[in-house]
Amino acid sequence: MDFYIGLLQIFGIHTLLGLSAYLLILTGQVSMAQAGFFAIGAYMAGICTAMWGWHIVPALALGGLLSGVLALLIGFPALRVKGMMLVIATLAFSEVVRLFFFNFNYTVLRDGIPIGPIGAEGFRRIRYFPENGWTTIEVSLFMGLIVLLVGGALWWADRSRLGAVVRAVGEDELAAQSVGINLTTIKVAAMTLGGVIAGIGGGLYAHMTTHVEHLNFGILLATFAIAYPILGGMGSVFGTLAAVVFVQGFLVEGLRFLGDWRNLLFGLLIMLAMNVRIKQLGDVRLRNLLRGLFGLRRRSHAGA
Amino acid sequence: MADFWLEVADITQSAMDGLLYGSTYALIGIGFTLIFGVMRKVNIAFGAASLAGTYASLVAFQVLHAPAIVVFAVSVIASGVLGYVVYLTCFRFIAASNELGSLLATIGMLLFLDEVTVVSTQGMPMPYPVLFSDTMLFFGPFSLRSDLLLVFVASVVCTGILLAVIYRTRLGLATRVVSQQPVAALLCGISVPRTNATTFVLSGFLGGVAGSFIASSVGLLSPLLLIPVTLKGLVVTVIGGLGSIPGAIVAGLLVGLLENVFLYFRGVTERDIYVMLLLFIFLAVRPRGLLGRLHA
Amino acid sequence: MLALEGLTKHFGGVQALQDLNLKVSKGSIMGLIGPNGSGKSTTVNLICGVFGITRGRILFDGEDISRVPTHLRLSQGIARTFQNIRLFGQLTVWQNLWVAQNAPEQKHGEPFLRRWFGGSRRAQAQVQGLLEFAGLAHKAQEQASNLSFGEQRRLELARALASQPKLLLLDEPAAGMNMEEINDLKQRVLALRAEGKTILLVEHVMELVMGVTDQIAVLDFGRKIAQGSPAEVQQNPQVREAYLGTQAR
């Protein structure tokens with residue numbers, strides 16, 4: 001039972017990570033910076049609860065806020081470059097953040113034990129939940145609530161005029177500009193909000209595992225972030241959710257019997273997805289393929 | 001006062017070592033930039049594929065106990081083959097206009113190669129043949145590690161050969177034609193896929209040279225090298241200007257030099273932060289790099 | 001209304017536009033014609049701010065807008081269509097018009113939340129009106145990329161009108177159209193003028209240009225070589241030479 005609850009928590013956290021990238025990809029930007037924002041949120045929220053004795057909610061908020069401010073700050077210069085260069089620049093950003101925490105020392109003594117981030121050793125004992133008597137179920141519900149709020153807000157905004165404007169920017173920047181849309185505002189806002197969401201996700205992650213270190217926030221995490229929306233298709237937030245469940249549930253946990261070798265599959269999956277161009281799990285072609293495999297192909301498709 | 005001069009001598013020494021070691025970064029940077037020059041796409045997996053080729057040469061070292069020079073040759077060939085594999089898996093069947101598709105595929109490849117090396121070596125560093133251990137050449141107060149000097153000279157030679165291939169042979173001409181006018185090249189009967197594949201193999205050879213030099217100058221081959229080498233290669237490529245071979249050479253030496261100076265002042269754990277910051281400075285101030293052309 | 005003063009644009013060594021002076025008066029239709037590569041599209045792109053200008057200035061309602069960012073020129077009342085249609089193909093027809101409502105009174109006329117997340121009755125009524133103008137009311141929920149070529153052109157025109165512009169820049173709106181569609185377009189352009197819109201029409205198709213414009217300016221190699229009424233321009237020997245080559249003399 002605990003295994004499945006733990007898995008659900010991982011789904012929740014990775015969904016937040018994927019949604020933060022989803023928002024950016026809607027505006028046409030592929031960013032590898034989400035791992036950096038996630039790390040900042042994780043460390044900040046951990047510092048707030050474990051070292052300063054804050055409640056979890058303001059701690060998550062501050063973690064998200066700090067990530068958002070950083071996203072805002074790097075948003076303006078980073079958006080001068082596009083496409084491939086943005087990927088390289090944001091990759092370097094995540095790496096700088098990771099190396100920063102690799103070198104970051106800040107501890108206080110609590111009950112005679114030093115608590116806080118200690119360089120390469122990482123940040124141990126972020127034990128807000130057990131110390132305050134939260135049960136696993138309560139923690140999961142709390143996470144679920146946050147994921148529901150963030151995902152619901154994005155789903156709703158996606159269908160509003162704002163969503164249409166954001167998608168317009170992602171599709172054709174020149175045309176968007178010429179109908180009076182301010183590209184910088186939209187892109188920087190998306191970057192900032194993406195930073196906030198990733199930061200909150202990071203804060204939750206730190207409290208779920210109670211221990212974070214710089215190695216948690218490498219290129220793999222950044223790739224997870226962009227892979228979920230891309231594999232899930234950009235149609236709606238549900239694609240991202242489906243991709244999280246597929247990658248974390250099937251690829252990482254479901255194939256655990258393969259041992260370490262299953263880690264290779266994620267890289268292969270991305271390569272395959274890019275080559276086959278079945279862009280989304282809900283893709284029409286894939287759906288038809290599956291229907292065909294299971295003998296459910298509808299007759300009416302012949303005319304279409 | 002004497003302390004001050006000693007310090008200056010130390011810094012100069014670090015800078016010189018860095019400059020020599022930087023020649024391997026230049027090779028990696030040339031590999032990145034060569035592929036970009038021909039395909040207008042970034043192959044993020046390049047650095048990792050090169051080092052994976054070097055890993056393959058460990059087989060020759062450990063199983064066959066081959067001499068260093070053979071191990072190096074195996075590394076070069078294996079990296080060339082891997083370059084072709086990367087081309088097939090990440091570029092050949094993805095539309096030319098879909099630059100982000102190829103980019104993401106190469107990121108997938110990077111993760112894949114990273115995992116393969118980690119899993120197959122259990123993450124442990126492996127010994128790699130060293131050229132001449134601990135031979136030093138002395139010049140007044142300075143000393144040069146002779147193996148680094150050899151790395152430098154060999155890198156210069158490889159770059160020279162590459163430039164000769166690009167500017168003096170028909171193959172190089174085809175490469176340049178494809179990079180400038182792919183459609184016209186097609187109409188002239190030049191096979192674009194074959195030329196592209198050749199470029200990947202060629203850059204793979206360079207990467208194999210760089211990989212074996214990097215490993216032998218440390219004496220160890222560690223899976224932890226893959227991602228830092230990738231990132232430094234990218235930094236070198238961007239700073240030099242995407243697509244510019246002279247730019248990659250200058251930037252490679254510069255990054256090697258500055259890296260060692262940062263190392264001297266701030267230690268090994270902080271060193272790479274400053275290298276990355278260098279990239280941001282360039283992106284903010286001069287996005288086209290040292291010697292790059294403006295491109296949309 | 002629109003005045004171009006000594007407008008010059010160089011791309012590297014290429015002089016795309018040389019010292020262009022042009023006045024478009026309010027409520028009129030100005031035609032801009034010339035052979036391929038004569039600088040017509042460059043002119044439109046300069047007025048919209050897609051490219052920075054090398055020399056000269058652009059006055060709109062007496063105000064210098066040469067340095068105004070592209071998206072704000074729309075707020076000033078300048079909208080455009082593109083030579084090669086640039087719709088938001090993944091969005092629906094309705095959404096294409098919805099996102100383009102960015103005139104100042106549309107921006108500030110309603111509360112922030114309703115503007116971004118809701119959609120006031122007035123905004124919706126306006127979108128509906130545009131759909132009817134473009135003859136696309138029955139396809140409001142269709143994805144824009146699924147429209148036919150002619151429908152896409154009409155949608156793009158409607159999208160340009162969504163911000164209620166004072167000046168409309170039409171970049172070869174008749175390219176690729178058949179006679180019937182051109183006549184249809186002609187009626188629409190004339191209807192727009194009747195509403196009081198000022199139009200700068202860049203066009204190759206003479207049936208359209210000669211039929212609707214009040215004034216025509218002719219560009220050749222980035223320079224203006226003639227200006228006048230359609231009849232005057234047709235008689236101008238320099239224009240004939242530019243279009244037909246020296247043998248026409």
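From a predicted model like this one, the values you see are computed outputs, not experimental measurements. Below, chain A is the first sequence line, B the second, and so on; all start at residue 1.
- The distance from atom CZ of A:Phe93 to atom CG of B:Leu279, rounded to the nearest 0.5 Å, is 13.0 Å.
- Proximity to chain A is absent for every atom of B:Leu113, based on heavy atoms less than 4.5 angstrom apart.
- Using a 4.5 Å heavy-atom threshold, the side chains of B:Val238 and A:Met85 count as touching.
- When every heavy atom of B:Arg40 is checked against every heavy atom of A:Met84, the shortest pair comes out as O-CE, 3.6 Å.
- At least one side-chain heavy atom of B:Cys90 sits less than 4.5 Å from a side-chain heavy atom of A:Met271.
- The most heavy-atom pairs under 4.5 Å with chain B, out of A:Thr223, A:Leu91, A:Leu265, come from A:Thr223.
- For A:Phe266, the part lying near chain B is the side chain, with the backbone staying farther off; criterion is any non-hydrogen pair under 4.5 Å.
- In terms of heavy-atom pairs under 4.5 angstrom with chain A, the leader among B:Val118, B:Val116, B:Val119 is B:Val119.
- Residues B:Asp114 and A:Leu220 have side chains not in contact (no heavy-atom distance under 4.5 Å, counting atoms from C-beta outward).
- Annotation: the span from A:Ile74 atom CD1 to B:Phe280 atom CZ amounts to 6.5 Å, rounded to 0.5 Å.
- Crowding of B:Tyr84 atom OH: a count of heavy atoms from other residues, nucleotides or ligands under 6.0 Å not exceeding 12.
- With A:Ile219 as reference, B:Leu111 is the one residue of B:Thr230, B:Leu111, B:Ile44 to meet the side chain to side chain contact (heavy atoms under 4.5 Å, CB included) rule.
- Heavy-atom distances place the side chain of B:Ile227, and not its backbone, under 4.5 Å from chain A.
- B:Thr269 has its side chain out of reach of A:Leu99: every pair of non-hydrogen atoms, C-beta onward, lies at least 4.5 Å apart.
- Annotation: B:Gln181, atom CD; neighbour count of heavy atoms from other residues, nucleotides and ligands within 6.0 Å does not exceed 12.
- Contact annotation: the side chain of B:Leu283 never approaches that of A:Ile88 to less than 4.5 Å [non-hydrogen atoms, C-beta and beyond].
- With rounding to the nearest 0.5 Å, the separation of CG in A:Asn275 from OG1 in B:Thr89 is 7.0 Å.
- A distance of 7.5 Å separates CD1 of A:Ile230 from CG of B:Leu100, quoted to the nearest 0.5 Å.
- Interatomic distance, B:Ile107 CD1 to A:Met274 CE, rounded to the nearest 0.5 Å: 9.5 Å.
- Interface check for chain B: of the options A:Val96, A:Leu264, A:Leu269, A:Ile270, the most heavy-atom pairs under 4.5 Å are formed by A:Leu264.
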